[in-house]
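When reading the values below, keep in mind they use all heavy atoms of this one structure, side chains included, and skip hydrogens, waters and symmetry mates. All figures in this text were calculated on a predicted structure; none of them were measured in a lab.
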Amino acid sequence: MNRLHFEELKEWKKGKKRKPLIIQGARQVGKTWLMKEFGRREFETVVYLNFESSSRLRDLFVADFNIERIITSIEIEANQKIIPSKTLLLFDEVQEAEKGLTALKYFYEQAPEYYIIAAGSLLGVSMQKQNSFPVGKVDFIKLHPLSFKEFLLNLGEEKLYDQLTASNFEVLTLFHQKLVEYLRLYYFIGGMPEVVAHYIEHKNIALVRDIQQKILIGYENDFAKHAPHEIIPRIKLVWNSILSQLAMENRKFMYGQIKKGARAKDFEMAINWLVDAGLILKVNRITKPTLPLNAYTDMDAFKLFLVDIGLLNAMGNLDARILLEKNSILTEYKGALTEQFVCQQLTIAQQLFYWTAESSTAEIDFVFQYKNEAIPIEVKAEENLKAKSLKLFVEKFKIKTAFRTSMSKYREQEWLTNIPLYAVEEILT
């Protein structure tokens, strides 16, 4: 499988002031595979430690942070010699080791010659708990499900991938329908690496849905295993409400949709746990598009999306035919599905917000900060090119750059540019 993060990892390896690297991301997005494959390609030897599977390893850093003792212990555990310039050390599920994250600081300060990559499915949760997190002593990569472009690349469509990356819309327009068909396929399959790999190998849609359901069950098992006991029931309620929340015409998260009488203070911790675990994406409302956008965030108004569009459709048990064909059965949900896709693609590189007028008479689906501008994006599920809210927003706030994304072909207008959904990532170039 090809992941675009390989280039980032190569740059990290070459860095003169290299720090231990942490790969963050939800379970099943391919963290372990990525770091093992990188080690296989770029290093003579790899030592892999999984702190979740060994109680002995979980105590590796308890006694002290003496690097010589730690390295000797690892060599005994792995029955392998560690050569700083030739060996990649992989610490998987590092949050399960007591003082494991803190130990990375001492490697950076006392033994920077070692190449270390750490990963963990619940690192985001662990970092919120740790008072001794090594701020400034580690580098980060956030791993997401495969983007649509990565999906194309792994399907063998290197030429289409190259044209998308180059934003060559003269060529892309010629293959518009083919790209739309691939996009609908991505809506069903999503970007979870195991799901994509099985589809590529077997071309079996039923098997795809089966794997997606197993991933969802695995996530729900994680709630019981890793979340604080007192908020587990609330996590499940939030998780199970996401589909219905997105199916509403106004996709702002409503606590009353979870259960009657639900209040923010009752579910705030549960939502934060899911966000920190990487299982949901949270997009807050801004009051106005003034930089920096996060200074104008309305913390009480937000939308929640799932980590992956394929898993969202598996959660709804939608038949493949509905998604792979231009189907009129989906009404509000079709818009939600499209917003999920756009959010998933752009979150890889940008923090997203949305905007609504105080009177709720107008809404911009997403706004992000880029090159000292606030950039609005209006999302259309099909080829509807009306953009009343976007025009109001542009005129009201004197916006210079605006985008609409839809199933329509690329076109430039006087005050906005229409980007096909399959090329929405290119907004960031």
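- One N or O on the side chain of Arg209 and one on the backbone of Leu318 form a donor-acceptor pair closer than 3.5 Å.
- Closest of all the heavy-atom pairs between Leu346 and Glu425 is CD2-CA, 4.3 Å.
- For the pair Phe267 and Lys259, the tightest heavy-atom approach, listed with the atom from each and the gap, is CZ-CE, 4.3 Å.
- Counting heavy atoms from C-beta on, the side chains of Thr401 and Lys371 never come closer than 4.5 Å.
- With a 6.0 Å radius and a threshold of 12 heavy atoms from other residues, nucleotides or ligands, Glu68 has its CD atom at or below the threshold.
- Classification of the Phe366-Phe305 ring pair by plane angle, with boundaries at 30° and 60°, yields tilted.
- Aromatic ring pairs are classed by plane angle as parallel below 30°, tilted from 30° to 60° and perpendicular above 60°; the pair Tyr255 and Phe253 is perpendicular.
- Just one of Phe148, Phe151, Phe341 meets the ring-ring contact (aromatic ring centres under 6.0 Å, His included) condition when paired with Tyr187; it is Phe341.
- Test Ile117, Ile74, Leu101 against Phe91 for side-chain contact (heavy atoms from CB on, under 4.5 Å) and you get one pass: Ile74.
- The six-membered or imidazole ring of Tyr182 lies away from that of Tyr422, with a centre-to-centre distance of 6.0 Å or more.
- With a 6.0 Å radius and a threshold of 12 heavy atoms from other residues, nucleotides or ligands, Lys236 has its NZ atom at or below the threshold.
- Between Trp239 and Tyr219 there is a side-chain heavy-atom pair separated by less than 4.5 Å.
- Between atom CD1 of residue Ile231 and atom CE of residue Met269 there is a gap of 4.5 Å, rounded to the nearest 0.5 Å.
- Between the side chain of Asn313 and the backbone N or O of Ile309, at least one donor-acceptor pair lies under 3.5 Å.
- The main-chain N or O of Gly25 is found under 3.5 Å from a side-chain atom of Lys31 such that the two form a donor-acceptor pair.
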Applying salt bridge (charged side-chain N to carboxylate O under 4.0 Å, His left out), run through Arg3 and Glu37 and close with a yes or a no.
CA-CA 10 Å; Arg3 297 303 306 261; Glu37 182 65 11; over 6 Å; no
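- Here Asn50 contributes atom CG and Asp92 contributes atom CG; the two are 5.0 Å apart, rounded to the nearest 0.5 Å.
- A cation-pi arrangement is present between Lys282 and Phe302 under the rule of less than 6.0 angstrom and at most 45 degrees off the ring axis.
- Contact record, Val195 with Val208: CG1-CG1, 3.5 Å, taken as the closest heavy-atom pair.
- The structure places CG of Leu216 at 12.5 Å from CD1 of Ile211, a figure rounded to the nearest 0.5 Å.
- Between Ile116 atom CD1 and Phe107 atom CZ the span is 4.0 Å, to the nearest 0.5 Å.
- Looking at residues two or more places apart in sequence or on another chain, you find no salt bridge (Lys or Arg N to Asp or Glu O under 4.0 Å) involving Lys17.
- Within the 4.5 Å cutoff, no side-chain heavy atoms of Asp365 are placed close to those of Ile377.
- In the displayed structure, Glu268 atom CD is contacted under 6.0 Å by at most 12 heavy atoms of other residues, nucleotides or ligands.
- The two residues Pro20 and Trp12 make their nearest non-hydrogen contact at C-NE1, 4.4 Å.
- Using a 4.0 Å cut-off between charged side-chain N and carboxylate O, Glu11 and Lys14 make a salt bridge.
- Other residues, nucleotides and ligands contribute more than 12 heavy atoms inside 6.0 Å of the CZ atom of Arg41.
- A 4.5 Å side-chain heavy-atom check between Leu183 and Met407 finds at least one atom pair inside the cut-off.
- Looking only at distances, a side-chain donor or acceptor of Glu150 sits under 3.5 Å from a matching main-chain atom of Leu4.
- Checked against a 6.0 Å centroid threshold, the rings of Tyr410 and His176 do not count as neighbours.
- Phe65 and Tyr106 have parallel rings, their planes meeting at less than 30° on a 0 to 90° scale where 60° marks the start of perpendicular.
- For Thr347 (side chain) and Gln344 (main-chain N/O), no donor-acceptor pair under 3.5 Å exists by modelled atom type.
- The pair Lys214-Glu194 does not meet the salt-bridge criterion, since no charged nitrogen lies less than 4.0 angstrom from a carboxylate oxygen.
- Taking each heavy atom of Asp308 and Pro145 in turn, the nearest pair found is OD1-CB, 3.8 Å.
- At a threshold of 4.0 Å, the pair Arg58-Glu77 does not count as salt-bridged, since none of the basic side-chain nitrogens sits closer than that to a carboxylate oxygen.
- Checked by atom type and distance alone, the side chain of Arg411 never pairs as donor or acceptor with a backbone atom of Thr417 at under 3.5 Å.
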Going through the distances and angles, do Glu93 and Ser121 end up as a side chain to side chain donor-acceptor pair (under 3.5 Å)?
CA-CA 7 Å; Glu93 301 297 349; Ser121 301; 3.1 Å; yes
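- Summarising the geometry, atom CD1 belonging to Ile348 is positioned 9.5 Å from atom CG belonging to Leu143; distances are rounded to the nearest 0.5 Å.
- Annotation: cation-pi pair Lys36/Phe38 absent, no NZ/CZ under 6.0 Å from the ring centroid and within 45° of its normal.
- By the neighbour-count criterion of 12 heavy atoms within 6.0 Å, atom CD of Glu170 is sparsely surrounded, having that number or fewer from other residues, nucleotides or ligands.
- Side-chain atoms of Asn154 come within 3.5 Å of backbone atoms of Asn2 as a donor-acceptor pair (strictly under, hydrogens ignored).
- Although no hydrogens or angles enter the test, the distance criterion places no donor-acceptor pair under 3.5 Å between the side chain of Glu363 and the main chain of Ser389.
- Within the model, atoms NZ of Lys303 and CG of Asn250 stand 8.0 Å from one another, a figure rounded to the nearest 0.5 Å.
- A salt bridge between Lys10 and Glu7 is present, with a side-chain N of the basic residue lying under 4.0 Å from a carboxylate O of the acidic one.
- A donor-acceptor pair under 3.5 Å is absent between the side-chain atoms of Arg404 and the main chain of Leu416, judged by distance alone.
- Counting heavy atoms from C-beta on, the side chains of Asn294 and Thr297 come closer than 4.5 Å.
- Residues Glu378 and Lys380 come closest through the heavy atom pair OE2-NZ, 3.2 Å.
- With ring centers used as reference points, Phe188 lies 6.0 Å or more from Tyr186.
- Looking only at distances, no side-chain donor or acceptor of Asp266 sits under 3.5 Å from a matching main-chain atom of Ala262.
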